[in-house]
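For reference, the structure is listed below as structure tokens.
Just follow the structure's listing: the first ligand is 1, and inside any ligand the first atom is 1. Keep in mind that this is a model prediction, so the values were computed, not measured. Heads up: numbering here begins at 1 and tracks the sequence.
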Amino acid sequence: MLLNPEQNAMLDGSRGYATRKAMQILVALGEIYGAERMIPVSSVQIAGVSYDNLGEAGLQFLSEMADGGGKVCVQTTLNPAGMDIENWRSLGIQPDFAEKQGRVLEAYSRMGVSTTCTCTPYLTGNRPLFGEHIAWSESSAVCYANSVLGARTNREGGPSALASALTGLTPEYGYHLAKNRRPTLTFQLSTRLKETSEFGGLGKMIGEHIQVSKGIPYIKGIQSATLENLKSLCASLATYGGAALFHMQGVTPEASSFTPPLEQVEVSQPELESVMQSLNDATAAEVDFVSLGCPHLSIHEIEQIARLLEGQHVKKEFWIATARATRQIADQLGYTRIIEAAGAKFAADTCCVVAPIQGRFTAMATDSAKACYYAAAKNKFKTLLLPFDEVVRLALQ
Ligand code: F3S
């Protein structure tokens, strides 16, 4: 790779241990993917925050980077942690885990990372503009940034995202280049989607198609989609297909620059239903855990929950996962009071996937196809995928 004098100085260690290590990571990545140069990034989102995923080795790496003088030089936000930073006890988190999670957050904080702990940074102030080069990890947010916002990022891992934060750079390859953003396969819907859970189901279906071809989907036939629909679709496409980018005719900003690819897959209502049904191996009677907020909930979704729970009491453990900043808006608007009076619990800063809850429940109900995948694969729960409102109603039964 061609590095300029400043980048060479970072690599030879004259800016300290952490910057050298960061530059080594980026150069290695660039060489693997054939990048010719580094380009500046304006925003970073770092995944790899929960101690449940990082373990001792991850904590040690972060501590070394912080001790080695690492300091971010662009806006940098964090993915969810393994617990609600303030109310971890109410979620059943053990003190030993909380102590280690605290050390992870402290290491990030020493490097100047905003410890926002959300997978929807675009809802809480880290929202890049069209065409901006960024370095994000967190697969659902990567897909949202590329597709819905039209920003440009590869699917970074935690260490490479941190490396970009510490240098303000990323190697120029993959989705940073216009030629790699062209759609390769059209998906034509002949059914109307209403529920966010249906968008998640669509993401699973398309994801499984493109998993093999590694293509970029061009989706036709959706008249309109809300922010909540799109964040669910992004999470699902990334989970089931490894997708980092899609285009949706009439909805996403780059779609009009392309002609839909000739190769086309039809998506019908029965097929979609069967994909969604494949995520249901629990009965309603078996559900002992209800979770909404994968990806983290918007304030609009929290308002909906408050409306449905007002004056009632939940009969199951019910987690509402969101960013702390969104929870604070909910506090001000009175939604938190209604939700907590009903016995549901906010899981701010965390979620049902990254919290250490393996073995605690038998079956989980959710509106998120992504959460179903990890509930089964990581936590060994049975799952029930339902529309948003029905998930809330089930918590009351
Ligand atoms: Fe976010 Fe956790 Fe889902 S990080 S996308 S809520 S698995």
Is atom 1 (Fe) of ligand 1 under 2.8 Å from any N, O or S atom of H296? no
Are W88 and F97 near enough that their ring centres are under 6.0 Å apart? no
Evaluation steps, ring-ring contact (aromatic ring centres under 6.0 Å, His included), between Y218 and F258: CA-CA 9 Å; Y218 187 98; F258 301 111; 7.6 Å; no
Atom 3 (Fe) of ligand 1 [closest protein heavy-atom partner, distance rounded to 0.1 Å]: C294 SG, 2.3 Å
Ligand 1 to S140, heavy atom cutoff 4.0 Å, flagged ligand atoms 5 (S)
Please examine the side chains of C234 and F246, heavy atoms only from C-beta on, and report whether any two atoms are closer than 4.5 Å. yes
Under 4.0 Å from a heavy atom of G293: which atoms of ligand 1 are those, numbered in the order shown and with their elements? 6 (S)
How close does the nearest protein non-hydrogen atom get to atom 5 (S) of ligand 1, and which residue and atom is it? K370 NZ, 3.3 Å
Under a 4.0 angstrom heavy-atom cut-off, which atoms of ligand 1 come close to E138? 5 (S)
Give the C-alpha distance, both sets of side-chain angles, the deciding distance and a yes or no for side chain to side chain contact (heavy atoms under 4.5 Å, CB included) between T196 and F388. CA-CA 7 Å; T196 294; F388 189 93; 5.6 Å; no
Ranked by distance from atom 2 (Fe) of ligand 1, the top protein heavy atom is C351 SG, 2.3 Å
R181 and N146: side chain donor to acceptor below 3.5 Å: yes
With a cutoff of 4.0 Å, is A321 in contact with ligand 1, counting heavy atoms of the residue only? no
Ranked by distance from atom 4 (S) of ligand 1, the top protein heavy atom is P80 CG, 3.6 Å
When you check the side-chain N and O atoms of Q60 and E56, is any donor under 3.5 Å from an acceptor? no
So if you build clusters from Ile, Leu, Val, Met, Phe, Trp, Tyr with side-chain heavy-atom gaps below 4.5 Å, do I134 and Y173 land together? no
Under 4.0 Å from any heavy atom of V353, which atoms of ligand 1 are there? 7 (S)
Which residue and non-hydrogen atom of the protein lie closest to atom 1 (Fe) of ligand 1, and at what distance in Å? C119 SG, 2.4 Å
Within less than 2.8 Å of atom 2 (Fe) of ligand 1, any N, O or S from C352? no
Using only heavy-atom distances, determine whether the side chains of E266 and Q264 contain a donor-acceptor pair under 3.5 Å. yes
